Chemist: 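Handing you a structure now.
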Amino acid sequence: MTVRKLGLALGLAAAAGLGAGAAQAEPLKIGIIESLSGSQTSTGRLFATAAEYVVDQINADGGFNGEPIEVIEYDNAGGTTGAADKFKQAVADGVHIVLQGASSAIAGQVTEDVRKHNIRNPGNELMYINLGAEALALTGEKCHFYQFRFTTTAPMRVNAMVDAMKEAGDLGTKVYSINQNYSWGRDMEDAIKAAADRGDYEVVDTVLHEVNKIQDFSPFVAKIKDAGPDTVMTGNWSNDLLLLMKAAGDAGLDVRFGTTFLDQVGNIANAGDTALGHYVAHPYNIAADDSDFAENYKAATGHYPVYIEPQTVNAIRTLGEALKTVDFGGGDVSVTEIAKAMENASIETPLGPITVRKDDHQAVLPVVVSKVVKDPKYPVDGTDLGFGVVKVVPGEDAIYEAQESCEMDRPS
């Protein structure tokens with residue numbers, strides 16, 4: 001566990017003025033329960049870096065409740081057991097808000113821990129901000145008042161991708177669905193089937209496979225080839241995406257891929273020219289942002305914002321806007337009041353506004369559809385490849401109806 005009072009030097013300068021009348025101020029504590037060791041470390045570290053980037057700015061502006069916001073990192077070691085253990089530690093440390101993003105399975109553990117804690121401890125609630133876990137169940141049957149999600153879901157990504165690929169003439173009339181056999185992959189398969197009429201295509205076949213256990217995708221590629229699709233849509237990530245695309249390239253499979261995580265760091269470096277011309281639907285593309293955010297982020301962190309970092313920045317920026325509307329006068333922090341403020345918070349981004357839907361606490365945010373091109377303005381992974389913007393879908397067009405399974409009990 002590491003503890004940081006981010007922007008401490010600047011924060012202390014500001015707190016010196018604030019602290020004169022607020023000696024007993026309770027600092028807001030944010031716990032990042034993320035994969036900070038193991039195979040998903042690179043992704044977990046990106047969530048933490050992006051969150052701390054914004055908290056640093058809030059602290060530089062004076063912090064909150066008369067104190068710098070504290071950020072405490074907890075390593076869940078990439079598993080639900082580790083997340084449950086670290087959640088208990090976070091509670092013991094007095095954390096008010098939990099951040100997490102990598103893995104819907106871990107998100108399910110964290111949000112359930114938060115829900116149970118709040119039932120057992122009225123008046124001492126915690127809030128969970130989901131930065132990247134996209135399983136629909138999290139804002140469906142698992143929804144609750146103290147959980148907020150600031151990333152997309154399968155319907156948001158698939159619908160945007162279908163619209164953009166159809167408009168570009170790259171979708172075709174036959175689509176093959178291949179996904180990982182867990183909540184996210186099943187959500188993707190459902191979304192691909194549901195979008196068939198929207199895209200005027202036939203789903204020629206579907207397959208669900210084990211997660212990150214398959215080393216040779218050639219048998220799957222052979223089945224895809226037999227089905228004769230124009231486009232293969234997949235929510236696969238990490239090695240499952242790379243090995244699938246590599247096997248397709250080795251077999252000379254002439255299809256277009258419509259993906260959701262091709263922008264994960266390292267994917268383009270591994271795929272090389274095999275990735276050229278394939279699509280990704282994601283919450284952000286640096287090439288679509290004409291503000292100074294990218295350069296400021298690089299100055300602070302040493303690299304341009306990538307993958308899940310921008311959505312994390314936007315989530316914490318929204319929290320920052322919510323904090324501006326509550327005032328605890330240097331006394332105790334009320335998480336319930338912060339959660340109520342989050343429902344009404346919004347931010348403007350160069351890609352469009354981001355708001356929170358009260359029905360299920362799903363963020364309404366833009367979706368960008370991009371295509372891998374050569375010699376872009378912002379090359380990735382040390383290659384000459386990057387993501388060219390095809391279409392930016394506004395949040396109000398990308399969002400779907402709240403699920404009926406979300407039955408949210410609201411505090412009075």
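None of the values given here were measured: they were computed from a predicted structure.
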Chemist: Show, in sequence, the C-alpha distance, side-chain angles and deciding distance for Glu343 and Arg410, and conclude whether the salt bridge (Lys or Arg N to Asp or Glu O under 4.0 Å) test is met.
Modeler: CA-CA 12 Å; Glu343 289 190 320; Arg410 307 176 65 82; 2.5 Å; yes
Chemist: Would you indicate whether the side-chain heavy atoms of Met233 and Ser177 approach each other to under 4.5 Å?
Modeler: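 When only atoms from C-beta onward are counted, Met233 and Ser177 do not touch, as no gap falls below 4.5 Å.
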Chemist: Taking the side chain as every heavy atom from C-beta outward, state whether Phe220 and Val207 have any pair of such atoms under 4.5 Å apart.
Modeler: yes
Chemist: Answer yes if the ring centres of His209 and Phe217 are under 6.0 angstrom apart, and no otherwise.
Modeler: yes
Chemist: At what distance, to the nearest 0.5 angstrom, does CH2 of Trp237 lie from CG of Asn267?
Modeler: 11.0 Å
Chemist: Using a strict 4.0 Å threshold on nitrogen-to-oxygen distance, state whether Lys246 and Asp250 make a salt bridge.
Modeler: yes
Chemist: Could you walk me through whether Asp163 and Lys391 satisfy the salt bridge (Lys or Arg N to Asp or Glu O under 4.0 Å) test, starting with their C-alpha distance in whole Å, then the side-chain angles of each, then the deciding distance to 0.1 Å, before giving a yes or no?
Modeler: CA-CA 9 Å; Asp163 290 350; Lys391 184 181 179 72; over 6 Å; no
Chemist: State, with a plain yes or no, whether a side-chain heavy atom of Ile178 is found less than 4.5 Å away from one of Thr206.
Modeler: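 No, their side chains stay 4.5 Å or more apart.
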Chemist: For the aromatic rings, using the six-membered ring if either is Trp, is the centroid distance between Tyr297 and Tyr53 under 6.0 Å?
Modeler: yes
Chemist: Pairing donors with acceptors under 3.5 angstrom, does anything connect the side chains of His96 and Glu125?
Modeler: no
Chemist: Testing the basics here: between Val372 and Ala275, what is the closest heavy-atom pair and its distance to 0.1 Å?
Modeler: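 Nearest heavy atoms, Val372 then Ala275: CB-O, 3.3 Å.
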Chemist: Quick check: closest heavy atoms across Leu365 and Ala398, and the distance to 0.1 Å?
Modeler: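 Smallest interatomic distance, heavy atoms only, reads O-CB, 4.3 Å.
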Chemist: Would you call Lys86 and Glu34 a salt bridge, using N to O less than 4.0 angstrom?
Modeler: no
Chemist: Considering all heavy atoms of both residues, which atom of Ala281 and which atom of Val367 are nearest to each other, and what is their separation?
Modeler: CB-CG1, 4.4 Å
Chemist: How about Pro229 and Val175: do any of their side-chain heavy atoms sit closer than 4.5 Å?
Modeler: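 The answer is no; the side chains never approach within 4.5 Å.
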Chemist: Measuring from Ile106:CD1 to Ile33:CD1, what's the distance to the nearest 0.5 Å?
Modeler: 10.0 Å
Chemist: Measure across Thr151 and Pro283 and return the closest heavy-atom pair with its distance rounded to 0.1 Å.
Modeler: OG1-CG, 4.2 Å
Chemist: Taking the side chain as every heavy atom from C-beta outward, state whether Phe150 and Gln311 have any pair of such atoms under 4.5 Å apart.
Modeler: no
Chemist: Is it true that atom NZ of Lys88 has more than 12 heavy atoms of other residues, nucleotides or ligands lying nearer than 6.0 Å?
Modeler: no
Chemist: Could you state the interatomic distance from CD1 (Ile58) to CD1 (Ile30), rounded to the nearest 0.5 Å?
Modeler: 7.0 Å
Chemist: Under 4.0 Å between a side-chain nitrogen and a carboxylate oxygen: does that hold for Arg45 and Glu73?
Modeler: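 Salt bridge present between Arg45 and Glu73.
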Chemist: Under 30°, 30 to 60°, or over 60°: which ring-plane class applies to Phe148 and His361, parallel, tilted or perpendicular?
Modeler: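 Parallel, since the angle between the ring planes stays under 30°.
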Chemist: Should we say atom CD of Glu396 is surrounded by more than 12 heavy atoms from elsewhere, each under 6.0 Å from it?
Modeler: yes
Chemist: Considering non-hydrogen atoms only, spot the tightest contact between Asp187 and Leu136 and give its length.
Modeler: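 It is OD2-N, 2.7 Å.
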Chemist: Using a 4.5 Å cut-off on heavy atoms from C-beta on, say whether the side chain of Arg317 contacts that of Asn314.
Modeler: yes
Chemist: Just by distance, no angles: are the side chains of Asp93 and Gln89 close enough, under 3.5 Å, to form a donor-acceptor pair?
Modeler: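 Yes, a side-chain donor-acceptor pair sits under 3.5 Å.
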Chemist: Any heavy-atom pair between the side chains of Leu208 and Tyr182 that's under 4.5 Å?
Modeler: no
Chemist: Rounded to the nearest 0.5 Å, what separation is found between the CG atom of Leu131 and the CG atom of Leu99?
Modeler: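 These two atoms lie 5.0 Å from each other.
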Chemist: Any Lys/Arg nitrogen of Glu337 or Lys340 sitting under 4.0 Å from an Asp/Glu carboxylate oxygen of the other?
Modeler: yes
Chemist: When rounded to the nearest 0.5 angstrom, what distance separates NZ in Lys374 from CG in Asp384?
Modeler: 3.5 Å
Chemist: Kindly say whether the aromatic ring centers of Tyr378 and Tyr304 come within a distance under 6.0 Å.
Modeler: yes
Chemist: Salt bridge check: are Glu112 and Arg115 linked by an N-O gap of less than 4.0 Å?
Modeler: yes
Chemist: State the CE-CD1 distance between Met342 and Ile97, to the nearest 0.5 angstrom.
Modeler: 7.5 Å
Chemist: Any side-chain heavy atom of Gln147 sitting closer than 4.5 Å to one from Met408?
Modeler: no
Chemist: Does Arg357 qualify as a cation-pi partner of Tyr400, given the criterion of NZ or CZ under 6.0 Å from the six-membered ring centre and within 45 degrees of its axis?
Modeler: yes
Chemist: Report yes if the distance between the aromatic ring centroids of His282 and Tyr307 is under 6.0 Å, otherwise no.
Modeler: no
Chemist: If we check salt bridge (charged side-chain N to carboxylate O under 4.0 Å, His left out) with Lys166, which of these qualifies: Asp197, Asp230, Asp200?
Modeler: Asp200
Chemist: Would you say Arg149 and Thr139 are linked by a side-chain donor-acceptor pair, where the criterion is simply a distance under 3.5 Å?
Modeler: yes
Chemist: Go through the side-chain N and O atoms of Glu134 and Thr153 and say whether any donor and acceptor fall under 3.5 Å apart.
Modeler: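 Looking only at side-chain atoms, Thr153 and Glu134 do not form any donor-acceptor pair under 3.5 Å.
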Chemist: May I have the step-by-step check of salt bridge (Lys or Arg N to Asp or Glu O under 4.0 Å) for Lys371 and Asp170, ending in yes or no?
Modeler: CA-CA 11 Å; Lys371 186 176 181 179; Asp170 280 341; 3.3 Å; yes
Chemist: Are Lys324 and Glu321 within salt-bridge range, i.e. N to O under 4.0 Å?
Modeler: yes
Chemist: What pair of heavy atoms forms the shortest contact from Asn65 to Gly331, and how long is it?
Modeler: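 Heavy-atom minimum between the residues: ND2-O, 2.8 Å.
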